[in-house]
Amino acid sequence: IYLYTMAANMFRASALILSASLLLTVDCDAFSVKSVPSSTDVATNSPNVQSKSIALHMVAASPPIYPTERGSEVDSRKIVAQELTAVRLSHILFASEELASKSLNELRSASLAFDDFAKQISNCAETRKEGGSIGWVSLDDTENVHLDLLLPPEARRKAMAQTTKPGDVVMVSSSRGHHLVQILDVMLDVRQMASLKSRKQKKGERKGIFGGGNTRDLTYKMEPMGCQMNLADSERMEGQLQALGIRPLKDGEAGQPDVVVLVTCSIRDHAEQKVYSYIGPHAKRKREGEDVAIVVAGCVAQQEGQTLLRRAPEVDLVMGPQYANRLADLLEDVSNGNQVVATSASHIMEDSTKPRRGSTVAAWVNVIYGCNERCTYCIVPTTRGVEQSRPVESIVQEIEELVANGYKEVTLLGQNIDAYGRDMIPKRKFSDLLRTVGTIPGLERLRFVTSHPRYMSLGVVDAVAETPAACESFHVPFQSGSNDILAAMGRGHTREKYLSIVDRIRSKLPDASITADVIVGFPGETEAQFQDTLDLMEEVVFDSVNTAAYSPRPNTPAAEWGNQLPEEVKTDRLSRINALNLKHAEERRARMMGRTVEILVEERNVKKPTQVMGRTRHGYIVYCDGDIEELRGQLVNVKIDECKTYYLAGIRV
């Protein structure tokens with residue numbers, strides 16, 4: 001037992017050292033690499049890779065098309081499996097199959113943590129105190145001999161033949177008994193399987209900012225665009241850059257950044273043109289001989305891929321959202337004089353570095369990545385890929401660490417957050433996750449975005465009502481008030497279904513805020529159908545609505561339809577709906593006049609430094625007099641004496 005324990009500890013230590021050294025990378029089919037071109041010669045990609053054979057039988061998968069085409073496979077287990085190098089496992093050992101089966105069913109509830117369950121009932125004395133932790137298991141089973149006494153080879157093979165997706169729990173048997181095995185994390189190797197073509201160095205030519213002998217104080221600039229998911233991705237990438245010793249270029253600081261990271265959004269029209277326009281000045285710097293690394297990340301990067309390099313050959317790295325936490329690994333190939341395009345399938349791996357949070361009070365926490373919906377106007381499923389829920393344990397651990405570091409508020413993020421857990425084995429419910437996270441000691445406020453009316457259960461409303469930390473604030477896009485337009489959009493819900501959700505919210509939480517998204521000018525939308533949208537807004541009276549005129553997006557069915565509306569019609573409808581939106585926003589905030597509300601102070605009022613800015617549980621911005629150094633992160637009461645369209649003001653009481 002002593003020798004076994006020493007071997008196990010050495011293995012775990014080795015895994016940690018590898019992680020700390022940024023050697024954990026992703027598979028080569030996940031991206032392609034080519035040499036950095038000169039101004040007169042653009043090199044072409046020439047993959048030449050042989051996959052390493054492994055002893056374990058894995059889930060069969062053909063070369064992935066990723067993100068998935070409309071109507072194609074949405075199970076990430078079938079899209080990604082074969083290029084993994086290791087998985088991190090935990091287990092619970094039972095004497096009987098019946099008890100193991102019953103326990104697996106119990107784990108469907110997100111309120112039951114696997115590690116806590118293991119500490120209570122596992123028959124494995126060696127791992128019970130550590131919550132059943134097995135550690136990293138290589139896919140080359142000849143390297144796992146030290147684990148045979150814990151999780152025998154037959155159990156490892158059976159478990160990983162069923163799944164390698166983080167968060168899944170499966171039941172297998174072995175000579176020791178019956179196991180529940182949980183996949184906690186995955187390790188993929190981008191660099192070993194990459195196709196590289198080294199750039200020929202001219203005599204006296206500099207090797208770039210990462211080249212040998214570089215002792216400069218390196219700086220970076222992060223430019224996020226678009227949604228909260230991009231903001232969260234930016235924080236994760238900043239954490240990795242700082243772990244590499246690269247610091248942010250301060251506002252007003254002289255000089256240009258050595259690393260430029262553009263986190264792109266493809267939702268709105270002309271997104272691609274905006275990206276190329278932004279790249280321009282930095283590409284010019286590179287052509288003039290400056291050492292600068294240009295990284296294009298996010299949804300436009302996923303959408304454009306190799307095309308982006310052809311149009312802007314000065315770019316060093318193009319990476320889709322699924323690689324946000326692998327930036328350091330990909331920059332290692334950039335440091336060797338290569339261009340990298342990382343846009344293919346990948347399981348989402350847990351971060352080996354900590355994000356650099358944009359706030360010290362409130363934080364974003366991803367709980368599900370991707371989207372399996374196929375709305376006819378939306379490019380998100382083809383840029384952010386299929387749904388992949390994070391393990392409950394990973395989410396809880398991240399939030400507990402945030403609370404320990406002084407954070408008071410957390411917003412759970414997902415493109416379709418109500419789908420959380422439906423891709424897991426066994427399936428989980430988002431309402432259970434809300435309750436679990438909401439009971440973490442020290443967490444004052446809990447928010448979540450974005451809900452989908454097709455999947456938002458009444459249980460989610462109940463969970464918010466019953467969880468003290470959960471804020472009375474819901475963001476539920478409706479997109480149109482016309483059932484015909486909703487059907488054409490492929491939304492999968494009706495006007496009536498949406499209003500039933502609103503009724504549930506109003507009945508359980510009468511004072512809750514409800515915000516939404518809407519699109520006007522969708523192909524074929526008539527004036528009467530647009531009026532249906534205005535009527536729905538009048539019926540609900542939203543606290544705020546994000547409005548947009550329809551714009552055709554690449555790789556979406558609606559973009560190809562012949563019934564596109566003239567721009568002047570879309571502009572007129574957008575103007576009319578914006579006027580109604582402003583009217584309702586003002587009405588909703590006017591009801592706060594004279595109330596005493598609790599706000600969480602976040603920052604200084606930039607327009608009036610003697611004031612602080614905070615938010616109510618509804619999400620309303622509130623200004624009041626105060627010292628930010630004293631009040632940041634504090635909950636204070638403010639009596640409202642001024643109500644504007646998008647903010648409130650008052651006096652501390």
Side-chain angles (χ1 to χ4, degrees), residues 225-231 265-271 274 299 371 373 375-380 415-416 449-454 456 473-491 493-495 498-499 501-502 505 512-553 556 558-559 564-590 618-621 644-647:
M225 301 175 171
C227 69
Q228 298 97 327
M229 297 292 285
N230 272 1
L231 293 176
C265 174
S266 58
I267 292 294
R268 299 298 175 96
D269 198 11
H270 308 303
K274 291 176 183 176
C299 292
C371 181
E373 297 307 295
C375 299
T376 57
Y377 58 85
C378 186
I379 195 174
V380 166
Q415 299 292 153
N416 181 7
V449 289
T450 297
S451 294
H452 194 303
R454 181 177 182 179
M456 185 176 178
S473 178
F474 298 84
H475 184 73
V476 193
F478 65 96
Q479 303 302 7
S480 174
S482 163
N483 282 339
D484 290 338
I485 294 298
L486 288 171
M489 288 178 166
R491 290 286 291 168
H493 68 88
T494 62
R495 172 194 183 102
Y498 188 88
L499 291 174
I501 294 171
V502 173
I505 295 171
S513 64
I514 303 176
T515 59
D517 301 338
V518 67
I519 297 172
V520 300
F522 188 76
E525 181 188 63
T526 65
E527 177 62 27
Q529 290 166 337
F530 171 65
Q531 190 60 49
D532 287 340
T533 296
L534 296 180
D535 291 344
L536 185 145
M537 289 182 63
E538 290 281 19
E539 186 169 350
V540 175
V541 186
F542 292 96
D543 293 80
S544 180
V545 178
N546 299 319
T547 63
Y550 170 77
S551 61
R553 307 308 303 130
T556 60
Q564 307 291 327
L565 299 188
E567 288 301 317
E568 57 268 24
V569 172
K570 292 191 280 188
T571 301
D572 172 67
R573 292 178 182 174
L574 184 62
S575 175
R576 289 153 62 191
I577 203 168
N578 280 340
L580 183 60
N581 183 29
L582 290 173
K583 173 176 174 287
H584 287 167
E586 187 171 347
E587 288 177 10
R588 291 291 290 169
R589 284 155 184 78
H618 305 88
Y620 299 157
I621 291 175
K644 297 296 184 180
T645 304
Y646 285 119
Y647 74 87

OG of Ser482 to CD of Gln529, rounded to nearest 0.5 Å, is 4.0 Å
I'd like to check Ile577 versus Asn581 (side-chain heavy atoms, cut-off strictly below 4.5 Å). Are they in contact?
no
Heavy atoms of Cys371 and Gln415 approach each other most closely as CB-CB, 4.2 Å
In short, Pro453 meets Val476 closest at the heavy-atom pair CG-CG1, 3.9 Å
OG1 of Thr547 to CG of Leu580, rounded to nearest 0.5 Å, is 10.5 Å
dist Arg576:CZ -> Gln531:CD (nearest 0.5 Å) comes out at 7.0 Å
Residue pair Ile485 / Phe530, side-chain heavy-atom distance below 4.5 Å: no
* Asked: Relative to each other, are the rings of His452 and His493 parallel, tilted or perpendicular (30° and 60° limits)?
  -> perpendicular
So OG of Ser480 and CZ of Arg495: to nearest 0.5 Å the spacing works out to 9.0 Å
Taking the side chain from Arg588 and the backbone from His584, do they hold a donor-acceptor pair closer than 3.5 Å? no
Sorted by chain and residue number, the ring pair (Phe, Tyr, Trp, His ring centres under 6.0 Å) partners of Tyr620 (sequence neighbours excluded) come out as His618
Are Cys375 and Arg491 side-chain neighbours, meaning at least one heavy-atom pair lies under 4.5 Å?
yes
Salt bridge flag under 4.0 Å for residues Glu527 and Arg573
yes
> Do Phe474 and Ser451 come close enough that some side-chain heavy atom pair is under 4.5 Å?
Replying inline: no
Describe, in one word, how the ring planes of Phe542 and Tyr498 are oriented to each other, choosing from parallel (under 30°), tilted (30 to 60°) and perpendicular (over 60°). tilted
*Side chains of Gln479 and Tyr377: closer than 4.5 Å at any heavy-atom pair?*
yes
In short, Pro552 meets Ala559 closest at the heavy-atom pair CB-CB, 3.7 Å
The reported gap from CD1 in Ile519 to CZ in Phe478 (rounded to nearest 0.5 angstrom) is 10.5 Å
What one should report as the nearest heavy-atom pair of Ile505 and Ala512 is CG2-CB, 3.9 Å
Compare all side-chain heavy atoms of Tyr646 with those of Leu582 and state whether any distance is below 4.5 angstrom. yes
Tell me whether Glu539 contacts the main-chain N or O of Asp535 through its side chain, where contact means a donor paired with an acceptor under 3.5 Å.
no
**Request:** Indicate yes or no: at least one non-hydrogen side-chain atom of Val520 is less than 4.5 angstrom from one of Lys570.
**Result:** no
(Q) With no hydrogens and no angle check, just 3.5 Å: does a side-chain donor-acceptor pair link Thr515 and Ser544? (A) no
Salt bridge (charged side-chain N to carboxylate O under 4.0 Å, His left out) filter on Glu586, not counting sequence neighbours, yields none
_Side-chain heavy-atom pair Leu486, Asn483 within 4.5 angstrom cut-off_ = yes
- Between the side chains of His475 and Thr450, does any donor sit under 3.5 Å from an acceptor? no
